[in-house]
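Encoded as structure tokens, the structure appears first; notes follow it.
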Amino acid sequence: MPINYYVILAMSLFSIGVVGVLTRRNAIIIFMCIELMLNAVNLLLVAFSKMHYANLAGGSATANVGTEAQLFVFFIMVVAAAEVSVGLAIIVMMYRNIHSVDVNFLNRLKH
Amino acid sequence: MSKLVYLVPLFPLIGFLINGLGRKSLSKSLTGIIGSGVVLASFIVSLLIFNEVRAESTPVIVNLFDFIDVAGLKIPFAFQVDRLSSLFLLVITGVGFLIHLYSTSYMHDEEAPHFARYFSYLNLFVFSMLLLVLGANYLIMFIGWEGVGLCSYLLIGYWFKNTEYGNAARKAFVMNRIGDLGFLLGLFFIIQQFGSLTYLEIFPQAQSAGTAVLTIITLLLFVGATGKSAQIPLYTWLPDAMAGPTPVSALIHAATMVTAGIYMIARSNILYTLAPVSQSVVAIIGLATAILAATIALKQNDIKKVLAYSTVSQLGYMFLGLGVGAYTGAVFHVMTHAFFKALLFLGAGSVIHAMHHEQDIRKMGGLAKKLPITHWTFFIGCVAIAGIPPFSGFFSKDEILVAAYAHNPVLYWIGLGGALMTAFYMFRLYAMTFRGSFRGTHDQEHHLHESPWQMTLPLIVLAVLAAVSGFVGIPELFAPDAHKLNHFLSPVFAASTQLQEAHEITHSTEYMLLGVSIALILAAIAYAWSRFSKNPETGDATGFGKVLVNKWYVDELYDNIISKPLQGLGAVLNKYVEKSGIDGIVNGVGKSVQWGGRQLRLLQSGQVGSYVLWMVLGILLLIVLTLFI
Amino acid sequence: MNITEILFWFLSVLALIGALMMVTNKNPVYSVLWLIVVFFAISGHYILLNAQFLAIVNIIVYAGAIMVLFLFVIMLMNMNADNEPQKNKWLQLAGAVAGGSLLLVIVAALRKSETLAGQHTDAGGTTGLIHNLGQVLFKDFVLPFEISSILFLSAMVGAVVIGKKGD
């Protein structure tokens with residue numbers, strides 16, 4: 001498939017994630033939207049790696065070509081997993097303190 | 001010796017620094033010794049220089065350092081020693097020293113710091129005045145010109161706690177500034193025309209310059225002179241300047257500073273000779289001032305005010321002399337006037353000192369017996385200023401009047417009228433002060449005393465000078481080649497003399513003129529004497545006299561046609577332009593920033609959602625900027 | 001239209017629908033489920049792109065572990081329906097417009113970019129196998145791999161510290 005399709009698909013998913021972050025007030029949903037955006041980027045990275053490999057295949061293709069980007073995605077998943085564990089802990093903490101996960105109650109940045 | 005001329009202004013400058021900086025710690029006697037001593041030192045150096053210059057007729061230029069050197073305009077800080085400046089040096093330092101000496105006694109009641117302040121100002125004044133006359137170019141002259149104006153301001157306002165004195169000082173300063181503006185514009189014209197300010201570079205070129213340009217330059221310079229030398233229309237500050245201590249009036253407002261204008265025109269004589277229109281203006285203004293001030297002096301009752309108007313009047317004569325081309329006569333009159341007017345002022349100071357600061361002559365009278373030295377010296381001063389031979393005023397004033405007659409007889413007759421008035425009001429002053437019976441309080445009469453030697457010695461010296469100094473300028477009429485001053489100054493005015501057409505008048509005419517003037521002056525004196533010595537006028541004047549007492553209402557006129565409209569304009573500008581216009585803009589900027597801040601503050605809602613929204617919009621903007629533009 | 005294209009379009013539509021449903025659904029539990037659908041669709045894309053290992057990891061880590069964690073938290077808080085009324089409609093609209101314009105701008109920017117389509121080959125079918133990735137991971141990227149373990153450790157400690165009751 002042409003790379004443009006993947007770009008547009010990934011951007012669509014990413015934008016939906018952005019819209020979700022901007023419109024929803026539930027912290028958990030917002031967090032899920034962030035995961036969605038992360039995945040959109042992952043998808044784009046893998047698609048680019050495939051393209052990269054296809055380009056190189058004409059020249060000096062080796063077995064390892066194209067693996068770097070996939071490992072990059074792998075590390076992103078690692079970091080995302082760590083991030084989710086901390087993030088959910090924070091949300092639980094927030095729920096415990098203000099008995100809500102509505103980000104509109106988090107307006108103390110003004111003070 | 002001429003090379004050491006920088007010592008002359010240096011001594012007073014050192015005195016100024018010592019007295020000014022050490023005023024808190026120096027004792028009064030030490031201050032007096034330093035203040036007078038430095039001027040005496042200058043006088044001695046001036047004498048040596050004078051002695052040298054007498055033999056040498058070419059000017060000596062002493063170049064100290066380059067003052068301004070920019071874009072082809074080169075102005076060195078240089079002194080010019082020639083016959084004119086050395087003569088002025090003698091007068092300034094000589095009379096200046098006597099007045100310093102006088103001041104040590106006259107100002108003795110002041111506290112030590114103020115006493116030292118007084119002497120530091122006086123020394124600074126002498127320094128500035130010396131700069132003025134020594135400068136080899138108009139810029140150095142201008143520095144001195146401004147310096148003497150400043151010192152005049154400081155000394156008039158010496159008793160600054162009195163609001164009226166402060167106002168008088170400000171009036172003097174502002175009026176001088178008006179004149180200085182003209183002077184400064186004149187300098188700019190000179191630079192533009194000649195590309196230099198140095199006398200020796202300008203004067204040789206003067207004949208090649210156009211008459212129109214020279215007329216503009218000389219008129220502008222004359223505006224400066226009217227301010228400094230108290231001529232119409234800027235003369236009103238001088239009578240008010242009597243608010244200062246009496247020795248200051250003697251030194252600054254009679255003997256030296258006010259003659260700066262005369263010196264300047266005498267120095268630029270070639271420019272004026274080449275601009276006949278300006279010369280006529282100078283003569284007419286001078287004569288008008290002489291007459292106007294003389295009429296006012298007729299009715300003044302303050303001893304210093306009479307002398308002040310007399311000074312204005314005499315300055316008018318000097319300008320008349322300059323205007324008709326009698327430069328020597330004008331300088332001659334400057335010299336004799338310095339002697340007899342300083343004498344009169346110091347005498348008046350002595351009287352005031354004895355009368356415990358009473359200045360109203362209606363409350364004096366009969367002082368001749370109590371103050372013999374003051375009385376006799378004052379009498380000599382009066383005779384000298386009235387123009388009775390063989391006292392000095394006769395020679396100098398007559399030289400100017402004869403020159404005026406040669407120029408135009410009308411000028412002579414009007415000038416003679418002024419001279420008659422001079423004789424009249426001086427002897428009115430003399431009679432009311434020293435003759436008749438005492439009209440002050442008993443307490444004052446009890447305390448009347450002759451002044452100490454520091455005050456009487458200058459009086460005696462000045463009286464001698466006032467009596468005999470006229471003999472340096474005996475007219476050709478009486479003895480051929482006896483006019484020493486004329487010979488002495490001839491190199492300075494040589495170029496002008498060549499250009500001027502000789503107005504020879506016959507000896508018989510001149511005898512006639514002298515006879516008429518002496519007879520009329522004696523008559524005026526006799527009238528004044530008989531009228532005021534026995535029954536002086538003590539009441540308030542009525543009718544025309546009231547107009548004269550109120551100085552022709554000139555101050556009120558200036559107030560109404562200049563000050564009031566300007567103040568009104570200021571008030572209008574303040575109310576509409578300043579308050580609503582400029583303040584409006586300034587406040588508007590502040591208010592709009594405040595309003596903008598209040599609106600922008602709303603962005604800081606503290607809600608995470610809105611922050612994220614703004615962040616996204618920012619990213620969007622960045623993407624648009626990088627990808628599309 | 002070969003089988004790859006059919007799969008591509010199917011998975012793409014599925015991912016977009018899932019994402020939209022996830023964002024718009026009022027009930028957080030449904031949102032989680034829809035997100036799982038999106039993850040499965042993306043995993044399918046990974047397989048199409050010769051990243052078989054990533055596809056499996058994505059399902060195990062994301063769709064499995066992480067989303068279970070989400071569900072667990074949601075159920076812990078007993079949130080069935082997000083029925084609080086939206087306070088600020090304008091902010092919501094602005095958010096939607098901003099996200100939409102972001103998409104628009106990027107698509108507009110990339111629309112005319114040169115495509116490398118046609119050079120796509122199937123030659124690298126083995127690239128994404130665990131064998132190949134393992135070779136590279138434990139040779140070239142062994143240090144980041146070890147460091148990521150420390151990251152996990154610290155994340156675990158952080159989560160425990162934050163989640164601990166009291167202070």
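Letters go in sequence order (proteins before strands), and every chain restarts at 1.
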Part of [X] within contact of chain A (heavy atom distance under 4.5 Å):
| X | result |
| --- | --- |
| C/Phe141 | both |
| C/Leu137 | both |
| C/Ile106 | side chain |
| C/Thr24 | backbone |
| C/Trp34 | neither |
| C/Val32 | both |

Exercise: identify the closest heavy-atom pair between [X] and [Y]:
| X | Y | value |
| --- | --- | --- |
| C/Ser148 | A/Phe75 | OG-CE2, 4.1 Å |
| C/Pro28 | A/Ile29 | CA-CD1, 3.9 Å |
| C/Met77 | A/Tyr95 | O-OH, 3.3 Å |
| C/Leu49 | A/Gln70 | O-NE2, 4.3 Å |
| C/Val23 | A/Gly20 | CG1-CA, 3.7 Å |
| A/Arg24 | C/Met22 | NH1-O, 4.2 Å |

Select, from [options], the one with the greatest count of heavy-atom pairs under 4.5 Å involving chain A.
| options | answer |
| --- | --- |
| C/Val57, C/Asn58, C/Val38 | C/Asn58 |
| C/Gly18, C/Ala65, C/Ala15, C/Gly95 | C/Gly95 |
| C/Phe145, C/Phe70, C/Phe72 | C/Phe70 |

What residue in [options] has the most heavy-atom pairs under 4.5 Å with chain C?
| options | answer |
| --- | --- |
| A/Ile16, A/Val19, A/Leu22 | A/Ile16 |
| A/Val84, A/Leu71, A/Ile90, A/Val73 | A/Leu71 |
| A/Ile28, A/Val86, A/Val92 | A/Ile28 |
| A/Val46, A/Val18, A/Asn39, A/Ile8 | A/Asn39 |

Heavy-atom contact with chain C under 4.5 Å, split by part of [X]:
| X | value |
| --- | --- |
| A/Phe14 | side chain |
| A/Val21 | neither |
| A/Ile91 | both |
| A/Leu38 | side chain |
| A/Val7 | side chain |

Item checked: Side chains of C/Ile42 and A/Asn42 in contact at under 4.5 Å (non-hydrogen atoms) -> no

Next item on the list: State, yes or no, whether a side-chain contact exists between A/Ser85 and C/Met156 at a heavy-atom distance under 4.5 Å.
Entry: no

Margin query: For a side-chain contact (heavy atoms from CB on, under 4.5 Å) check, start with the C-alpha distance between C/Leu133 and A/Phe74, then their side-chain angles and the critical distance, and finish with the verdict.
Written below: CA-CA 10 Å; C/Leu133 287 180; A/Phe74 176 69; over 6 Å; no

Note to self: More than 12 heavy atoms of other residues, nucleotides or ligands under 6.0 Å from CD1 of C/Ile130: yes or no?
What the structure shows: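 No, because the 6.0 Å sphere around CD1 of C/Ile130 holds 12 heavy atoms or fewer from other groups.
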
